[in-house]
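Working notes, beginning with the structure itself.
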Amino acid sequence: MRQNNQSPRPGRRFITPFFAGFGLAVAVAASLSPGVANAQDAEYAAIQQAIQQTAGAVVQIETIGASASQGELTLGAPISGTRIDDQGHVLTSLWGLEETPASILIVEADGSRQPAELVARDFSRELVLLKTKPSGSANHVALQRSEKVRVGQWAIAVGRGIAPETPSVSIGIVSATGRMYGRAVQIDARISPSFYGGPVVDIEGEMIGISVPMKPEAGSAGEKSDWYDSGIAFVVSAEAIASRIDQMKAGKDIRAGKLGIVPASKMPFSDDRTLSAVLALSPAKRAGIQADDELLAIDGEAVRWNADIKQLLGPRDAGEVLKIKVLRDEKELEFEVELAADIPAFRPRVLGVLADPQGESLEITHIFDDSAAAKAKLQIGDTIQAIDGNKIDDIDRARLLVMTHPPGEDLDLTVLRDGKPLDVRCDLQSTPDTVVAELPELKDPIGEEAWEIVPRSLPDVSNTSRLLKPKGDARPSLGLLVLLARPGTEKLEPLAEAWRSEAAEHQIAVLVIGAAETDRWKPAESDVIVRLIQQAQKAINVEPQQVVVAGYGAGSEMSMMVAMRNRELIRGAVAAAGSRPGGFALSENDPASPLQFLVVGGDEMPIWGRMIANVGFPVLQAPSSEKEPLADDPKIQDTVGRWIRSLDRI
């Protein structure tokens, strides 16, 4: 419920929406008993009082930035700011201030402007501290609270981002605490970007915190504000800010603390607290924490579920020292670890084999030429029993241990050959930058004539799709290529039909999805694509390591965004060299959800491809002279098929 300047009576907030007009609402209000009416009047008066005593501390923030690439000045959209003392300190949102603009202006309610300087940023909580001239008045809000924030209490958001002379107000309740991995309070007031940086207060005018855009994992500015005006908004608590404000006033930036562990389970409420891997050169590795350790406690707080790990680590900052208790060989061990702001980018390592699970080990079924496995003289039929002393009972765990092995260090394998254990030392290699030339023959190939194209749809969206899959109910293990059509494409069947031969050759199902509109793909359609993928996974047996998104025209750029935003589901993206992807966060590759990219077309790697490679993502290239290589170059289609089938290699 957002309004400018004057709020409707908040005591009737839940009454008016059920009636067609104001007159009827008034009539109903008039019928309330005197006691109820008096209570609502008192509540209304209290909220108005809270707004009045807060609004004086709220300012508008204008930014003017210089675009180096164009040499032009750009004016950022105004947001809100909150004076927190009479010394000129103003808290605002990181929105629009991740890069230092050429000029920052504080705009008061009377329209006067004064320059401000950026003092420090809290990148973990999306906050910025500015300094302008002292206000010389009592127009500021205190960060200290007398009581803890409670779910269900009023949450009044105040902003001044739209027009400086009139504050904007949105009213809701606190709907949850400890959200965003312990970094935020959740409220249900409708918050648009102009509110970001403004205060959220309770019914007594005491500050709950500062409103910010936020999402669980690092994201781009657009991704962080995905929930704006939805009734889900986030607030950094006054308590969290107060404990760090001296550090920020001293000009020290704050960043999230990283430990460098990879839990074995991805399920939030799994009681499996085992660590599958510890990242090379991470604080955890340096402290002596190992893969296979069972995480018992973080700084004295018990870890019961997998979800507790992120919840306990989420609010911690780089530089904090934690005590980590683990169980190893039935002994409890405790390590002291200083969290880091950055860990060297994870760059996946590979052994160069395909394997099938065989009981509690993995049987090697294929060895790639020139791979670390070939050089170590591993043989097809060897069964991997242990990696670096860690017993192997799961193919995903084996892949993770290999991927995260420190560069420059040999990997020790124990394999079973001819019934006898054999120790083998391997010098691992980075993921190759070219697609494998040959793959093993399929065990049970399905001929082209046995594939069919079926329509797939969702009941609540206008996007349509076609799925190319084997006929009947047989459920062989398949890769899945998701093709996003060029916006405006009227018929999807021909696009699916064009892949029939490669689908049969490489045993890959093809899901072609059309855009909802004729001229563009919208970022919000990312969720539709995910739902259609999940629908396909229920209809056919999809190999989780072989889910790849690609596209034609604007669909190519959309495919990159979908992959980046949905790493828990997608393992690869194909993009044309001439595309200009955007709209996603360029955060580092994650061993828990590793992602690769294949650039098709052109002769040289595009700049964006090199940028993605620099933060740890394997980026392969398949050159082609065709303008639309996915559609017009049969060799590229075969390359894509081989690439998908090789994504599950260890």
Side-chain angles (χ1 to χ4, degrees), residues 259-267 270-296 303 306 309 324-335 337 343-344 346-365 367 371-373 376 378-379 381-417 420-431 544-545 590-594 648-650:
L259 181 57
I261 58 174
V262 184
S265 175
K266 295 182 181 179
M267 303 300 292
S270 166
D271 59 3
D272 181 0
R273 301 167 295 179
T274 307
L275 303 181
S276 271
V278 177
L279 297 185
L281 305 178
S282 67
K285 188 79 172 181
R286 285 194 292 269
I289 298 172
Q290 300 176 3
D292 268 353
D293 285 348
E294 183 180 352
L295 191 52
L296 299 180
V303 175
N306 190 29
I309 299 175
I324 306 293
K325 183 184 289 186
V326 303
L327 185 67
R328 182 187 301 167
D329 298 330
E330 300 183 353
K331 294 181 181 177
E332 291 188 3
L333 304 174
E334 189 167 81
F335 300 91
V337 187
I343 297 174
F346 156 67
R347 299 179 187 280
R349 319 284 294 170
V350 293
L351 181 59
V353 304
L354 298 177
D356 273 344
Q358 300 288 327
E360 294 187 347
S361 59
L362 302 177
E363 181 180 350
I364 296 175
T365 58
I367 298 175
S371 65
L378 287 171
Q379 298 179 6
D382 288 348
T383 57
I384 302 173
Q385 295 187 310
I387 296 177
D388 279 340
N390 299 291
K391 186 179 177 183
I392 295 304
D393 52 10
D394 179 83
I395 192 167
D396 290 333
R397 176 164 159 69
R399 187 179 294 111
L400 190 57
L401 285 171
V402 171
M403 279 197 304
T404 56
H405 194 75
E409 295 183 15
D410 290 336
L411 180 86
D412 291 321
L413 289 179
T414 300
V415 302
L416 193 66
R417 180 181 298 170
K420 298 179 181 177
L422 178 67
D423 292 330
V424 180
R425 178 158 288 186
C426 302
D427 181 10
L428 294 180
Q429 57 186 186
S430 300
T431 304
Q545 298 296 329
D590 182 355
S593 304
D648 64 349
R649 74 176 139 189
I650 298 172

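Side-chain polar atoms of Arg349 and Thr404 form no donor-acceptor pair below 3.5 angstrom. Inspection of the Thr274 and Asp272 side chains reveals an N or O donor paired with an N or O acceptor under 3.5 Å. For Asp356 and Thr365, the side-chain atoms include no donor-acceptor pair closer than 3.5 Å.
Note that CD1 of Ile367 is 13.5 Å distant from CZ of Arg649, once rounded to the nearest 0.5 Å. Remark: Ile392 CD1 to Leu362 CG distance equals 6.5 Å, nearest 0.5 Å. Put simply, CG on Leu281 and CZ on Arg286 are 7.0 Å apart, with the number rounded to the nearest 0.5 Å. One distance of note links NE2 of His405 with CG of Asp410; it measures 7.0 Å at 0.5 Å rounding. Summarising the geometry, atom CE belonging to Met403 is positioned 9.5 Å from atom OG belonging to Ser276; distances are rounded to the nearest 0.5 Å. Atom-to-atom distance recorded for Ser371:OG and Ile650:CD1 is 12.0 Å, nearest 0.5 angstrom.
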* Asked: Given the rule in the side chain to side chain contact (heavy atoms under 4.5 Å, CB included) test, do Leu400 and Val262 qualify, once you have shown the distances and angles that lead to the verdict?
  -> CA-CA 9 Å; Leu400 190 57; Val262 184; 3.6 Å; yes

* To do: Verify side chain to side chain contact (heavy atoms under 4.5 Å, CB included) between Glu332 and Lys325, making sure each step is shown before the conclusion.
  => CA-CA 7 Å; Glu332 291 188 3; Lys325 183 184 289 186; 3.7 Å; yes

* Going through the distances and angles, do Leu413 and Arg425 end up as a side chain to side chain contact (heavy atoms under 4.5 Å, CB included)? -> CA-CA 6 Å; Leu413 289 179; Arg425 178 158 288 186; over 6 Å; no

* Could you give me the CA-CA distance, side-chain angles and deciding distance for Val326 and Phe335, then say whether side chain to side chain contact (heavy atoms under 4.5 Å, CB included) is met? => CA-CA 8 Å; Val326 303; Phe335 300 91; 3.6 Å; yes

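Closest approach of Ala373 to Val353, counting heavy atoms only: CB-CG1, 3.3 Å. Considering all non-hydrogen atoms of both residues, Ala291 and Val278 come closest at N-CG2, 3.7 Å. For the pair Ile261 and Ala284, the tightest heavy-atom approach, listed with the atom from each and the gap, is CG2-CB, 3.7 Å. Scanning both residues, Pro263 and Ile309, for their nearest heavy atoms gives CG-CD1, 4.0 Å. Of all non-hydrogen atoms in Val337 and Pro283, the two that sit nearest each other are CG1-CB, 3.5 Å.
Residues Pro591 and Leu279 meet the side-chain proximity criterion, which asks for heavy atoms closer than 4.5 Å. In this structure, Asp293 and Leu327 have side chains that are not in contact, with every pair of non-hydrogen atoms separated by 4.5 Å or more. Between Arg328 and Glu294 there is no side-chain heavy-atom pair separated by less than 4.5 Å. Within the 4.5 Å cutoff, the side chain of Glu363 has no heavy atoms near those of the Ile384 side chain. Residues Leu354 and Ile364 are not in side-chain contact: their nearest non-hydrogen atoms beyond the backbone lie 4.5 Å or more apart. Leu411 places a side-chain heavy atom less than 4.5 Å from the side chain of Val402. In this structure, the side chains of Leu351 and Leu378 come closer than 4.5 Å at one or more pairs of heavy atoms. Contact check for Asp412 versus Cys426: no side-chain heavy atoms found under the 4.5 Å cut-off.
Judged by distance alone, the side chain of Arg273 and the main-chain N or O of Val303 form a donor-acceptor pair under 3.5 Å. Although no hydrogens or angles enter the test, the distance criterion places no donor-acceptor pair under 3.5 Å between the side chain of Asp388 and the main chain of Asn390. Panel note: side chain Asn306, backbone Ser265; a donor-acceptor pair is recorded below 3.5 Å.
When the shell of 6.0 Å around CG of Asp427 is examined, it contains 12 or fewer heavy atoms from other residues, nucleotides or ligands.
Remark: Asp292 pairs with Arg397 by the side-chain hydrogen bond (donor to acceptor under 3.5 Å, both in side chains) rule, at least two apart or across chains.
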